[in-house]
Every structure is written in structure tokens, then in C-alpha cells.
Amino acid sequence: MSKPLEQAIAAMVATFNKYSGKEGDKYTLSKAELKELVSKELPSFMGKQLDERRFQKLMDDLDHNKDNSVDFQEYAVFLATLSTLCNEFFTDMKRKN
Ligand SMILES: [Ca+2]
């Protein structure tokens, strides 16, 4: 049985591949693929209904090389940013208690 952190890394990779293979380049996320991944796999982090303006902002922020798709490295930066926000949230909670 693999450890939780190993499972988390495997889930991160498997989730990317689950959506990246749906259309176009199977090694990158198109805008539609990213939108589906975020709404189905990160609902409590990102909200179930991301409005178009907020989603476009997210896509622009993540797509560092401006090729209109999110590759694995750009996706990994996104998850690292979410992890950092999560850690800050728990650190603040501990400080308050
Ligand atoms: Ca890109």
C-alpha cells in the first residue's frame, strides 16, 4: 500500500491525463479540458460554477507560455499554488487557537 503523499502525486498525474486526452494535444489541457477538470475535480477549492470571466483569468494566469493550453508543468505550478494557500489557511487556524 503506497503512502498518502505517493497517492497524492499519483492522483495529480492521473487526473491530468484523464482530462488532457479528451481533445486535441493529448499531453496538454485545452481551455475546455481545464474547465472540466477544475469544476469536477476541485469543486470545493474553486467553486462548482466558475463564471466565464473568472475562468478566463485563471486560464491566463496558468498559461505561462501563452500557447492557449496548460501543459503538465503549468498544471503542477497551479497545484503547488493551491497547496500553498491550503497550508497558509491551516497555519492561520493554528495561530488563532
Ligand atoms: Ca501553456
Side-chain angles (χ1 to χ4, degrees):
M1 192 64 199
S2 60
K3 298 293 180 183
L5 187 56
E6 294 170 335
Q7 288 173 20
I9 292 170
M12 173 182 162
V13 172
T15 302
F16 180 86
N17 286 293
K18 179 177 168 186
Y19 291 90
S20 70
K22 291 195 174 207
E23 65 173 24
D25 185 338
K26 61 181 181 168
Y27 302 107
T28 65
L29 296 168
S30 66
K31 191 177 163 186
E33 288 167 342
L34 178 70
K35 194 170 195 172
E36 192 180 355
L37 185 157
V38 165
S39 55
K40 288 189 179 165
E41 309 292 343
L42 295 166
S44 40
F45 280 36
M46 306 301 295
K48 281 191 182 73
Q49 290 295 325
L50 255 186
D51 68 56
E52 187 55 34
R53 197 180 52 81
R54 278 184 65 212
F55 180 72
Q56 187 59 53
K57 169 91 170 68
L58 177 68
M59 180 77 193
D60 292 344
D61 288 347
L62 299 186
D63 183 16
H64 289 277
N65 66 356
K66 302 297 168 206
D67 66 350
N68 238 357
S69 64
V70 171
D71 62 23
F72 190 84
Q73 202 179 335
E74 292 165 338
Y75 163 81
V77 169
F78 173 45
L79 295 188
T81 305
L82 287 178
S83 306
T84 303
L85 293 173
C86 227
N87 182 52
E88 284 170 3
F89 178 77
F90 285 114
T91 307
D92 284 349
M93 295 252 289
K94 273 190 225 151
R95 285 207 184 105
K96 279 172 191 153
N97 290 331

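Values reported hereafter were calculated over all heavy atoms of this structure, with side chains retained and with hydrogens, waters and symmetry mates removed. First listed ligand is number 1; within each ligand, the first listed atom is number 1.
Ring centers of Tyr75 and Phe72: under 6.0 Å apart, within the cut-off.
Rounding to the nearest 10°, we obtain 80° for the angle at the Ca ion (ligand 1) between Glu74 OE1 and Ser69 O.
When the Ca ion (ligand 1) is compared with the N/O/S atoms of Asp63, atom OD1 turns out nearest. The Ca ion (ligand 1) is closest to atom OD1 of Asp67 (considering only N, O or S atoms).
For Asp71, every N, O or S atom stays at 3.0 Å or more from the Ca ion (ligand 1). The Ca ion (ligand 1) has no N, O or S atom of Asn68 under 3.0 Å away, backbone or side chain. Residue Thr28 does not count as close to the Ca ion (ligand 1), with no N, O or S atom under 3.0 Å.
For Glu52, the CD atom sits in a packed shell: over 12 heavy atoms of surrounding residues, nucleotides or ligands are nearer than 6.0 Å.
Inspection of the Glu23 and Ser30 side chains reveals an N or O donor paired with an N or O acceptor under 3.5 Å.
Using modelled atom types, no side-chain atom of Ser20 and backbone atom of Leu29 make a donor-acceptor pair closer than 3.5 Å.
No salt bridge links Lys96 with Asp92; every basic N to acidic carboxylate O contact stays at or beyond 4.0 Å.
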